[in-house]
Amino acid sequence: MIKIRGLTKIYNGTPVLNGIDLDIEKGERIVIIGPSGTGKSTLLRCLNFLDTPDGGEIIFDDETIDVTKASPKDIQRLRLRTSFVFQNYALFANKTARENIAEGLYTVRKWGREEALNRADEILATIGLADKADAYPAALSGGQQQRVGIGRAMSVDTDLMLVDEPTSALDPEWVEEVLQLMKRVADQHRTMLIVTHEMSFAKDIADRVIFMEGGRIVEQGPPSKIFSAPEDDRTKAFLRKVLPSAS
Amino acid sequence: MRALDFEYMLGLVPVLLKYVPLTLGMASVSMALALALASLLAIIRVAGIPVLDGITRVFISFFRGTPLLVQLFLFYYGLPQLLPILTALDGVSAAIIGLTLHFAAYMAESIRAAILGVDRSQWEASKAIGMSMAQMMRRIILPQASRVAAPTLVNYFIDLIKGTSLAFTLGVTELMGAAQKEAAGSFLYFETFIVVAVFYWVIVEALSLFQQRLEGRLSKAFVR
Ligand SMILES: Nc1ncnc2c1ncn2[C@@H]1O[C@H](COP(=O)(O)OP(=O)(O)OP(=O)(O)O)[C@@H](O)[C@H]1O
Ligand SMILES: [Mg+2]
């Protein structure tokens, strides 16, 4: 169980996260939706200290981290407990697809090189890119790069997988293959926190949907409730915009 | 105008050839040390490590702001007067130290610019998988920065090779020192120095061939 308590982030005097409280069950898939500039990415990035939060606690099982007192060791442990899928893929440009997946395993997690590369090949087969093992990111399509990005996050059994808009930087032609892969990952009983603007994908995979606005969690619940019977006016207004069909 | 003494020039080639290894050796050792030091200085500057950053700035400013010849004299003739242990320093070592510090100062700035040019996503992905600063630099950032910095660094290496000729002012008989001695014996200054010029030219041209291969290799990951 992961608990987030009173997480805040302030940019130039403006609060971007206004004290986020969130409990995440093991194996739970949570999708975060909300308008642009609401702090969705910031929330994910504060959980692994890509952005440094200004206040609050992050609790993994029995380990409580007061974010204002987090030491470099604490931050490193948080990062080992989480994996991150970036909107812009963020593959290592000087590493092949296989090395991108294996890098964290042998450099950070101290696996043997062979073992790590074998694991990478396994993952590449799973994501359908076995034939691109030796390709550098520059030679891959956006969709392929993001699949490697997801593969990199899948390669380790972390306590929490953070996924920030995995398809929104993609050309439309590649969106489907990445969503398909994300669905398969979601079926693996991993604990996931996913930000997306793909509402039907959210409906499909979420155990719980969180609607965020203005750095706050406005409303949350199972997708059936949030998408069909939202309570808050802000949620309704947002869904009207992104789900034109549901008037 | 008198005719050139080709026979003398031809005879000079094997004589000078013997000094090429020393010139190349001084240049390579200085380059390797300068690269290591420059990377370190660049990382200190990029990371903004409090006190070290200030020292590094002054270091870079001094070694870029003063002539190499002055620096070499300072190390070889000047410093031993203050620190008697340095009297044991021979000309070759003094030249290597001077060249290293001088070129490290220049190269640190190019490496720093190249590091800052590496896309933000590369830093973030490295951190997200839990890399330490050192791992991130060594495995992700510096390899990518080196591709950007390579052409400039090779230019500095060319400058450095030519800079080794100043070692003769410290009494080192390298390529230039040897030529100087030959000329003093033969009085054929033009013949001697045109031959030694061609020696440097050929070395630098050979390096340019290597440069193309190096740049090809460093760009391998970036061709589509
Ligand atoms: N490095 C930064 N410096 C200053 N302000 C920032 C920084 N990063 C984010 N912000 C601000 O924080 C707010 C939240 O940004 P964030 O990226 O978390 O929004 P988001 O909900 O992910 O939006 P989107 O759907 O567009 O990705 C925005 O107003 C943004 O301008
Ligand atoms: Mg975002």
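So you know, we letter chains A, B, ... as the sequences are listed, proteins then strands, and number each from 1.
- With respect to chain B, the highest number of heavy-atom pairs below 4.5 Å among A:Leu80, A:Leu91, A:Asn48 belongs to A:Leu91.
- For the atom pair OH of A:Tyr106 and CZ of B:Arg139, the computed distance is 5.0 Å after rounding to the nearest 0.5 Å.
- With a 4.5 Å cut-off on non-hydrogen atoms, A:Arg77 does not touch chain B at all.
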All N/O donor-acceptor pairs, side-chain side in residues 59-72 of chain B, below 3.5 Å, sequence neighbours left out:
{"unit_1": "B:Thr66", "atom_1": "OG1", "unit_2": "B:Phe62", "atom_2": "O", "d": "2.9"}
{"unit_1": "B:Thr66", "atom_1": "OG1", "unit_2": "B:Gln71", "atom_2": "NE2", "d": "2.7"}
{"unit_1": "B:Gln71", "atom_1": "OE1", "unit_2": "B:His102", "atom_2": "ND1", "d": "2.9"}
{"unit_1": "B:Gln71", "atom_1": "NE2", "unit_2": "B:Phe63", "atom_2": "O", "d": "3.1"}
{"unit_1": "B:Gln71", "atom_1": "NE2", "unit_2": "B:Thr66", "atom_2": "O", "d": "2.9"}
{"unit_1": "B:Gln71", "atom_1": "NE2", "unit_2": "B:His102", "atom_2": "ND1", "d": "3.3"}

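- In terms of heavy-atom proximity, B:Ser121 sits nearest to A:Asn88 at CB-ND2, 3.7 Å.
- Counting heavy-atom neighbours within 6.0 Å of A:Glu173 CD, excluding the residue itself, gives a total above 12.
- Counting heavy atoms from C-beta on, the side chains of B:Ile140 and A:Lys95 come closer than 4.5 Å.
- Between atom CG of residue A:Asn94 and atom CD1 of residue B:Ile141 there is a gap of 8.5 Å, rounded to the nearest 0.5 Å.
- Around NZ of A:Lys110, the count of heavy atoms belonging to other residues, nucleotides or ligands within 6.0 Å exceeds 12.
- Enclosure of atom CZ in A:Arg109 by more than 12 non-hydrogen atoms of other residues, nucleotides or ligands within 6.0 angstrom is indicated.
- Here CD of A:Gln76 is found 13.0 Å from NZ of B:Lys127. Values are rounded to the nearest 0.5 Å.
- Counting heavy atoms from C-beta outward, B:Ser126 and A:Phe92 have side chains that approach closer than 4.5 Å.
- Most heavy-atom pairs under 4.5 Å with chain B: of the set A:Ala90, A:Ser83, A:Ala93, this distinction falls to A:Ala93.
- Contacts between A:Leu162 and chain B at a heavy-atom distance below 4.5 Å are absent for every atom of the residue.
- Of the listed residues (B:Ser132, B:Pro143, B:Ala128), the greatest number of heavy-atom pairs within a distance under 4.5 Å of chain A belongs to B:Ala128.
- For a residue to count as touching a neighbouring chain, one of its non-hydrogen atoms must lie under 4.5 Å from one of that chain's; by this rule A:Thr107 touches chain B with backbone and side chain alike.
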